[in-house]
Student: 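My questions all concern the structure below.
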Amino acid sequence: TNQIYFMSVEDQKVLELEQRKEKIYFGGGTKAIEKQKAMGKMTARERIIALLDEGSFHEYDMFVEHDGRDFGMQDKSLPGDGVIIGTGMICGQPIAIFAQDFTVAGGSLGFMHARKITKIMDYALNMRIPLIGINDSGGARIQEGVNALAGYGEIFFRNTLSSGVIPQISVILGPCAGGAVYSPALTDFVFVVDNISKMFITGPEVVKTVLGEVVTMEELGGARVHSEISGNAHFFAHSEYECFEQIKKLLTFIPWSNEAKAKPFPSKPPRPEYKIEKIIPSDPTQPYDVRDVIRAVADDSDFLEIQQEFAKNIVVGFGRIDGETIGFVANQPSVLAGVLDCDSSDKAGRFIRFCDAFNIPIVTFEDMPGYLPGVEQEYMGVIRHGAKVLYAYSEATVPKITVILRKAYGGGYIAMNSRHLKADFMFAWPTAEIAVMGPEGAANIIFKKEIMAAENPEEMRKIKVAEYREKFANPYVAASKGYIDSVIEPEETRKILKHSIEVSSNKSVLTPAKKHGIPPF
Ligand code: HXC
């Protein structure tokens, strides 16, 4: 008190500001912070500091209070209404961010909490900078009723408006329950952390009441569930720090908005241990890891894989060629022979659309026997899901380059960015086999009578399979029609890709005027 008495009026005002800020920095108080720490979680403020460039964070709406009037809320103070918003820098580039503070009313979303989030979303869109949302919340604030639901609606609307204009990143660092899940689902990349992220529409209590089933939060929507099974998450980390490193790395590959290109990096050769000519086994039935092909052409063999543990029969992610960001899409022969099925079609379709929206050239490596057959896939809608790949490739107007490594059969040949979907460049390795279907299946159908009539049907089948393979399972029939621009040696691939990207840098395509297409959602 004495100290204040001797202070100037200005200094007293500054002191008051500091005291007010300090109270807010304390969020939901010591007990709630201790609980947060006991769960292995950082506080919202610590997360922002750990993710952003040092000293770059500027906070807004710090003094906002909640607007609840019922259930005793009018007498409660919720510092910042449970969410921190602001702008800052990551790797020297500007971003907008919000982080929900679970220590304040469980990070639940009330009217003012939502108003803060929508304010920063509007800034991000107007400034054309990426938006990062750190989610740690019990969902709609139950005491605020329809006002909380209104808040979610306003957020979803803005997620949709910003889609394809600025990159939107969601980080799930705690519960993301009820309505909260749909904002991440509308964004471009979802990051989860083992044992910390919990994402579900209805929690264990509701599942028990409605279905009588007993499940844990982890089983319902833990980080592994969404990385491996549901496909809702794109990046999985073991700790919050690892997760922040992944976000920073992703941001180096993507542009800040759809009006910009990704920042170029100095060109670097691939690492010598990736020998492109040694990757494909000489036996055409043997699998290999297609990521080695990507690493053998990418600068410094650096490849940032997206949805690494989901639908592993297709590989998608970012790398660079000659310093420029490339979106790689590749069939993975070591998983289900690299077929397209419902999940891999969703994964590829969405990634292609991201690349197209954000000016990132797409390189496709093809080696696959077609779409996955069977009752299960048909019932799950492989027709509808598979169509997403056709739609995404056809719609994309960024430079599109395909290299057929080995198998390109049937629907797969068409779907994986063929000339007929308007690939700009089509290359094939000498090992390519381009045909309506695999030699085994084809011979069984078209030589059925000869095989059955033969003295030794099995021997005859082998002869006919070899005959078919010799005639059609090569790149030269397609090359003779101009469907393939060039048959190239594996060692030439990086050089040819680099040139194809260089000559496509001014690509301009006229498409018919329309409000928007209707992709097979
Ligand atoms: C108000 C909430 C809240 C909520 C949590 N809290 N969720 N307050 N509304 N939705 C408060 C708690 O009362 C508690 O306050 C503090 O946050 C911490 O919560 P705990 O339960 O103690 O924490 P924990 O044990 O870690 O459990 C976290 C939780 C659980 C799993 C998230 O709180 C929970 O199940 N919450 C409800 C989740 C849910 O069903 N949300 C859906 C809402 S409806 P005190 O004061 O005690 O510290 C919805 C529909 C929108 O979202 C649809 C839009 C399309």
Side-chain angles (χ1 to χ4, degrees), residues 26-44 65-84 99-118 121 133-160 170-187 192-193 195-211 213-223 225-226 232 240:
F26 233 30
T30 321
K31 241 174 130 182
I33 292 174
E34 274 169 10
K35 191 178 160 196
Q36 179 88 347
K37 298 273 174 193
M39 286 188 283
K41 291 157 63 175
M42 295 188 204
T43 64
E65 260 291 346
H66 73 91
D67 204 26
R69 293 285 167 268
D70 302 309
F71 303 105
M73 290 294 286
Q74 61 276 20
D75 305 321
K76 266 193 179 173
S77 164
L78 300 182
D81 203 10
V83 65
I84 300 169
Q100 293 179 308
D101 185 349
F102 192 82
T103 69
V104 178
S108 57
L109 182 137
F111 179 74
M112 294 306 288
H113 179 120
R115 267 249 299 253
K116 284 179 72 171
I117 294 179
T118 55
M121 291 177 85
I134 299 182
N135 294 258
D136 188 0
S137 161
R141 187 171 302 145
I142 296 160
Q143 299 91 325
E144 289 199 30
V146 72
N147 261 346
L149 300 184
Y152 274 121
E154 296 287 339
I155 293 170
F156 303 156
F157 175 81
R158 282 167 178 79
N159 282 135
T160 309
S170 297
V171 198
I172 315 297
L173 296 182
C176 181
V181 297
Y182 282 112
S183 176
L186 288 165
T187 62
V192 291
V193 175
N195 295 321
I196 287 182
S197 311
K198 313 269 184 284
M199 202 180 176
F200 43 76
I201 301 267
T202 48
E205 284 303 320
V206 179
V207 173
K208 197 172 156 201
T209 312
V210 177
L211 302 172
E213 286 174 16
V214 178
V215 279
T216 62
M217 274 200 262
E218 198 64 36
E219 286 165 338
L220 254 187
V225 168
H226 291 305
N232 288 326
E240 296 194 24

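Quick caveat, the model's predicted, so the values are computed rather than measured. Remember, it's 1-based here, ligands and their atoms both numbered in the order they're listed. Numbers here simply count residues along the sequence, with the first being 1.
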Student: Starting from atom 9 (N) of ligand 1, which protein heavy atom do you reach first, and at what distance in Å?
Tutor: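 Ranking protein heavy atoms by distance from atom 9 (N) of ligand 1, first comes I142 N, 3.0 Å.
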Student: Taking all heavy atoms of M217 and all of P204, pick out the closest pair and write down the distance.
Tutor: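 Smallest heavy-atom distance, with atoms named: CG-CG, 3.6 Å.
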Student: Answer yes or no: does an N/O atom from G179 fall short of 3.5 Å to an N/O atom of ligand 1?
Tutor: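 Indeed, backbone or side chain, G179 has an N or O that close.
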Student: Please state which protein non-hydrogen atom is closest to atom 15 (O) of ligand 1 and give its distance, to 0.1 Å?
Tutor: A105 CA, 4.9 Å
Student: If you have a sec, work out which protein heavy atom is nearest atom 10 (N) of ligand 1 and how many Å separate them, to one decimal?
Tutor: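 Its nearest protein heavy-atom neighbour is A140 O, 2.9 Å.
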Student: Does atom 47 (O) of ligand 1 have a protein non-hydrogen atom under 4.0 Å from it?
Tutor: no
Student: Side chain, backbone, both or neither: which part of L109 has a heavy atom under 4.0 Å from ligand 1?
Tutor: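 For L109, no heavy atom sits under 4.0 Å from ligand 1.
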Student: Return the closest protein heavy atom for atom 3 (C) of ligand 1 as residue, atom name and distance.
Tutor: S108 CB, 3.9 Å
Student: Between F156 and ligand 1, does any nitrogen or oxygen pair lie at a separation below 3.5 Å?
Tutor: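 By distance alone, the answer is no.
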Student: Are the side chains of I201 and Y182 in touch, meaning some heavy atoms are under 4.5 Å apart?
Tutor: yes
Student: Considering only protein heavy atoms, which is closest to atom 1 (C) of ligand 1, and at what distance to one decimal place?
Tutor: Q143 OE1, 3.2 Å
Student: Look up atom 13 (O) of ligand 1 and tell me if a protein heavy atom lies less than 4.0 Å from it?
Tutor: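 Neighbour list for atom 13 (O) of ligand 1 is empty of protein heavy atoms (cut-off 4.0 Å).
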Student: Are any of the N/O atoms on M217, whether in the backbone or the side chain, positioned under 3.5 angstrom from an N/O atom of ligand 1?
Tutor: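 Between M217 and ligand 1 (N or O atoms, distance only) the closest approach is not under 3.5 Å.
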Student: Can you check side-chain contact (heavy atoms from CB on, under 4.5 Å) on V104 and D81, steps first, answer last?
Tutor: CA-CA 7 Å; V104 178; D81 203 10; 5.6 Å; no
Student: Report the part of E205 (side chain from C-beta onward, or backbone N, CA, C, O) that has a heavy atom under 4.0 Å from ligand 1; answer both or neither where that applies.
Tutor: neither
Student: Consider every N or O of G138 and every N or O of ligand 1, then say whether any pair is closer than 3.5 Å.
Tutor: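 For ligand 1, there is an N or O atom that lies under 3.5 Å from one belonging to G138.
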Student: Do H66 and K76 have side-chain heavy atoms sitting under 4.5 Å apart?
Tutor: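 The answer is yes, as the side chains (C-beta and beyond) meet within the 4.5 Å cut-off.
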Student: Would you verify that at least one protein heavy atom lies under 4.0 Å from atom 40 (O) of ligand 1, or report that none does?
Tutor: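 Protein heavy atom within 4.0 Å of atom 40 (O) of ligand 1: absent.
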Student: Return a yes/no value for A180: is any of its N or O atoms, backbone included, closer than 3.5 angstrom to an N or O of ligand 1?
Tutor: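 N/O-N/O distance below 3.5 Å does not exist for this pair.
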Student: Any idea which atoms of ligand 1 are less than 4.0 Å away from a heavy-atom of G178?
Tutor: 52 (O)
Student: Look up atom CD1 in I84 and atom CD1 in I117, then write down how far apart they are to the nearest 0.5 Å.
Tutor: 11.5 Å
Student: Could you check whether any side-chain N or O of H226 sits under 3.5 Å from a backbone N or O of V192, counting only pairs where one atom can act as donor and the other as acceptor?
Tutor: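 No: the side chain of H226 does not pair with the backbone of V192.
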Student: Do NZ/NE/NH1/NH2 and the carboxylate oxygens of D136 and K41 come within less than 4.0 Å?
Tutor: yes
Student: For the side chain of K198 and the backbone of G203, is there at least one donor-acceptor N/O pair under 3.5 Å apart?
Tutor: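 No; zero donor-acceptor contacts below 3.5 Å.
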Student: Can a protein heavy atom be found under 4.0 Å away from atom 53 (C) of ligand 1?
Tutor: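 Neighbour list for atom 53 (C) of ligand 1 includes protein heavy atoms (cut-off 4.0 Å).
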Student: So for atom CZ, which belongs to F156, do other residues, nucleotides or ligands contribute more than 12 heavy atoms lying within a distance under 6.0 Å?
Tutor: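 Atom CZ in F156 is crowded, with more than 12 foreign heavy atoms closer than 6.0 Å.
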Student: Checking a contact table here: which protein heavy atom is nearest atom 19 (O) of ligand 1, and how many Å away?
Tutor: F102 CZ, 4.1 Å
Student: Verify the contact flag for atom 29 (C) of ligand 1, where contact means a protein heavy atom under 4.0 Å away.
Tutor: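 So far as the 4.0 Å threshold goes, atom 29 (C) of ligand 1 is out of reach of every protein heavy atom.
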Student: Determine whether a donor-acceptor pair (N or O, by modelled atom type, separation under 3.5 Å) exists between the side chain of E240 and the backbone of L173.
Tutor: no
Student: Start with the C-alpha gap between Q143 and D70, add the side-chain angles, then the distance that decides, and say whether side-chain contact (heavy atoms from CB on, under 4.5 Å) holds.
Tutor: CA-CA 7 Å; Q143 299 91 325; D70 302 309; 5.9 Å; no
Student: Do any heavy atoms of G203 fall under 4.0 Å from ligand 1?
Tutor: no
Student: Strictly less than 4.0 Å: does any protein heavy-atom distance to atom 23 (O) of ligand 1 fall in that range?
Tutor: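 Protein heavy atoms within 4.0 Å of atom 23 (O) of ligand 1 - there is at least one.
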Student: Within a strict 4.5 Å, meaning less than it, do heavy atoms of the M73 and R141 side chains meet?
Tutor: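 In short, these two side chains touch, coming nearer than 4.5 Å.
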Student: Determine, counting only non-hydrogen atoms of the protein, whether one lies under 4.0 angstrom from atom 17 (O) of ligand 1.
Tutor: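 At least one protein heavy atom is under 4.0 Å away.
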Student: What I want to know is whether K76 and ligand 1 share at least one N or O pair that is separated by under 3.5 angstrom.
Tutor: no
Student: Between Q100 and S108, is there a donor-acceptor pair closer than 3.5 Å when you use the side chain of the first and the backbone of the second?
Tutor: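 Not a single qualifying donor-acceptor pair exists.
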Student: Counting only heavy atoms closer than 4.0 Å, does ligand 1 sit against the backbone of K198, its side chain, both, or neither?
Tutor: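 No part of K198 is near ligand 1 at this cut-off.
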Student: CD of Q74: more than 12 outside heavy atoms within 6.0 angstrom?
Tutor: yes
Student: Hey, does K37 have a side-chain heavy atom less than 4.5 Å from the side chain of T43?
Tutor: yes
Student: Nearest protein heavy atom to atom 25 (O) of ligand 1, by residue and atom, and its distance?
Tutor: K35 NZ, 3.9 Å
